[in-house]
Amino acid sequence: MDYSAHFHREIVAFEQAARGAADGADAPLIPSCPDWTMSDLVLHLGGVHRLVARVIRERLDRQPDLTDATLFELPEDREGWPAPTGGPHHGPVPVSLVDWFAEGAARLEALFRSEDPGLAVWTWSAERTAGFWLRMQTIEAALHRWDAERAVGGRARPIEPDLAVDAVAQTFEVMAPARRAWREAPPGAGERFRFRRTDGPDLWTVRFDGADVRLTADAADEDTEGASHDVELAGTASDLMLFLWQRLPADRLDKVTGDQAVLDRYFTLVPPV
């Protein structure tokens with residue numbers, strides 16, 4: 001997959017939505033991130049881009065000091081900008097904030113295109129490469145583009161199918177194990193979930209087994225063995241991704257069957273950022 005092309009498309013669309021909100025009126029609330037306005041969302045994603053760019057550009061092997069103000073290359077004049085913590089921050093979206101975002105996103109895109117994905121750098125994951133950041137930031141850009149479009153128009157374009165398919169896999173390869181460790185979630189007891197894509201052939205089986213999250217991208221073998229599933233969910237690739245990133249509730253999917261208590265234990269609609 002050409003992640004760089006996806007990243008470019010998503011950050012351009014995000015910037016377009018943000019500039020549309022910088023019209024002098026109060027910053028719109030982000031429905032899928034209720035503690036944020038558009039200004040908070042722009043600051044968040046722009047800050048992440050500057051952090052990742054510093055890590056890749058300087059080949060850092062450990063997390064940089066997040067209290068170092070130079071990390072985010074903030075302009076001196078930040079009149080009307082939101083505070084880095086708290087929210088939602090009301091008032092108009094500053095044009096200078098969107099300009100700062102666009103500059104940082106373009107710099108990060110240039111690094112993604114010029115650096116070897118295998119370059120060894122710090123990440124919060126077991127995979128410590130620039131390629132990890134490219135995949136992660138492409139998915140995050142698509143997610144927050146969707147957030148931003150919902151805020152300014154009430155409707156958001158779906159995630160591109162091939163990127164959404166990759167994001168479903170990435171959820172269980174990377175995000176779910178990390179989230180469970182961060183939250184000190186209780187061990188799994190072998191619960192099985194099946195995710196069926198309705199706009200393509202993809203099928204995923206996920207088992208929560210102790211501390212492990214076991215993903216099978218092709219569940220045909222399990223089907224022939226008659227393996228049962230506690231919950232089955234069916235939807236477009238985009239909707240499955242958005243459900244897994246806690247942007248859509250389960251009842252927005254095409255079909256959900258199985259044990260509701262098991263579903264609630266692992267997937268609750270509390271939007272992360």
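On a predicted model such as this, the values are computed, not experimentally measured, just so you know. Computed over heavy atoms, backbone and side chain alike; hydrogens, waters and symmetry mates excluded.
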Closest contact, heavy atoms only, Val165 versus Ala237: CG2-CB, 3.8 Å

Asp99 and Ser96: side chain donor to acceptor below 3.5 Å: no

Working for side chain to side chain contact (heavy atoms under 4.5 Å, CB included), residues Leu71 and Leu51: CA-CA 6 Å; Leu71 180 65; Leu51 167 65; 3.8 Å; yes

Is any side-chain heavy atom of Arg247 less than 4.5 Å from a side-chain heavy atom of Cys33? yes

Backbone N or O of Gly91 within a donor-acceptor pair of the Asp26 side chain at under 3.5 Å? yes

Could you tell me which non-hydrogen atom of Pro92 sits nearest to which non-hydrogen atom of Ser39, and how far apart they are? O-OG, 4.1 Å

Apply side chain to side chain contact (heavy atoms under 4.5 Å, CB included) to the pair Phe193 and Trp204, showing each step before the final yes or no. CA-CA 8 Å; Phe193 290 80; Trp204 301 267; over 6 Å; no

Between Phe7 and Phe14 (judged by ring centroids, cut-off 6.0 Å), do the two rings come close enough to count as a pair? no

Go through it in stages, so that I can follow the logic: the residues are Glu127 and Arg135, the test is salt bridge (charged side-chain N to carboxylate O under 4.0 Å, His left out), and I'd like the CA-CA distance, side-chain angles, deciding distance and then a yes or no. CA-CA 11 Å; Glu127 181 189 350; Arg135 186 188 192 193; 5.5 Å; no

Using the rule ring-ring contact (aromatic ring centres under 6.0 Å, His included), only one of His144, His44, His49 pairs with Phe101; which is it? His49

Aromatic ring proximity Trp81/Trp100, centre distance under 6.0 Å: yes

Do Phe195 and Leu203 come within less than 4.5 Å of each other through their side chains, counting heavy atoms only? no

Heavy-atom pair of closest approach, residues Ala21 and Val152: CB-CG1, 3.9 Å

Without swapping roles, check the side chain of Thr129 against the backbone of Gly118 for a donor-acceptor pair under 3.5 Å. no

Can you classify the ring geometry of Phe172 versus Phe208 as parallel (below 30°), tilted (30 to 60°) or perpendicular (above 60°)? perpendicular

Cationic N near anionic O, under 4.0 Å, Glu149 to Arg155: no

Please enumerate all residues that pass side-chain hydrogen bond (donor to acceptor under 3.5 Å, both in side chains) together with Trp122, with sequence neighbours excluded. none

Is the shortest distance from a Lys or Arg side-chain nitrogen in Arg157 or Glu10 to a carboxylate oxygen in the other one below 4.0 Å? no

For the hydrophobic clusters of this structure (ILVMFWY residues joined by side-chain heavy atoms under 4.5 Å, transitively), does one cluster hold both Phe132 and Leu119? yes

Sub-4.5 Å side-chain heavy-atom contact between Leu60 and Pro64: yes

Atom CZ of Arg180 and atom CG of Asp212: how far apart are they, to the nearest 0.5 Å? 9.5 Å

Is His89 atom NE2 crowded by more than 12 heavy atoms from other residues, nucleotides or ligands, each under 6.0 Å away? yes

Go through the steps for Val93 and Asp23 under the test side chain to side chain contact (heavy atoms under 4.5 Å, CB included), then give the verdict. CA-CA 7 Å; Val93 177; Asp23 58 1; over 6 Å; no

Would you say the side-chain atoms of Asp264 and Gln260 include a donor-acceptor pair closer than 3.5 Å? yes

Please name all residues satisfying salt bridge (Lys or Arg N to Asp or Glu O under 4.0 Å) with Asp209, sequence neighbours left out, ordered by chain then number. Arg214

When you compare the side chains of Glu140 and Gln137, does any donor N or O come within less than 3.5 Å of an acceptor on the partner? yes

Centroid-centroid distance, Tyr3 to Phe112, less than 6.0 Å: no

Between Ala130 and Val121 the two heavy atoms that sit nearest each other are N-CG2, 3.6 Å

Does Arg265 pair with Glu191 as a salt bridge, N-O distance under 4.0 Å? yes

Under the criterion salt bridge (charged side-chain N to carboxylate O under 4.0 Å, His left out), I'd like the reasoning laid out for Arg197 against Asp254: C-alpha separation, chi angles, the key distance, then a yes or no. CA-CA 10 Å; Arg197 179 184 174 193; Asp254 294 334; over 6 Å; no

If you compare all heavy atoms of Met38 against all heavy atoms of Ala148, which two are closest, and at what distance to 0.1 Å? CE-O, 3.7 Å

Main chain of Glu79, side chain of Asp77: is a donor-acceptor contact present, judged purely on distance under 3.5 Å? yes

Kindly write out the residues that satisfy salt bridge (Lys or Arg N to Asp or Glu O under 4.0 Å) with Arg78, not counting sequence neighbours, or none if the list is empty. none

Does NZ or CZ of Arg62 come closer than 6.0 Å to the centre of the six-membered ring of Trp124, within 45° of the ring's axis? no

Using salt bridge (charged side-chain N to carboxylate O under 4.0 Å, His left out) as the criterion, point out the one residue from Arg192, Lys255, Arg196 that pairs with Glu232. Arg196

Decide whether Leu143 and Met1 are clustered together by the hydrophobic rule: side chain heavy atoms of Ile, Leu, Val, Met, Phe, Trp, Tyr closer than 4.5 Å, transitively. yes

Is there a path of hydrophobic side-chain contacts, each under 4.5 Å between heavy atoms of I, L, V, M, F, W or Y residues, that connects Leu41 with Leu29? no

For Asp147 and Arg145: C-alpha separation, side-chain torsions, deciding distance, then whether salt bridge (charged side-chain N to carboxylate O under 4.0 Å, His left out) applies. CA-CA 5 Å; Asp147 289 332; Arg145 183 271 301 165; over 6 Å; no

Can you check side chain to side chain contact (heavy atoms under 4.5 Å, CB included) on Val231 and Arg194, steps first, answer last? CA-CA 6 Å; Val231 181; Arg194 171 182 284 163; over 6 Å; no

Closest approach of Leu43 and Pro84, non-hydrogen atoms and distance? CD2-CA, 3.9 Å

Does Arg50 reach the main-chain N or O of Leu45 with its side chain, forming a donor-acceptor pair under 3.5 Å? no

More than 12 heavy atoms of other residues, nucleotides or ligands under 6.0 Å from CD of Gln16: yes or no? no

Expected output: side-chain Asp40 to main-chain Thr37 donor-acceptor under 3.5 Å: yes

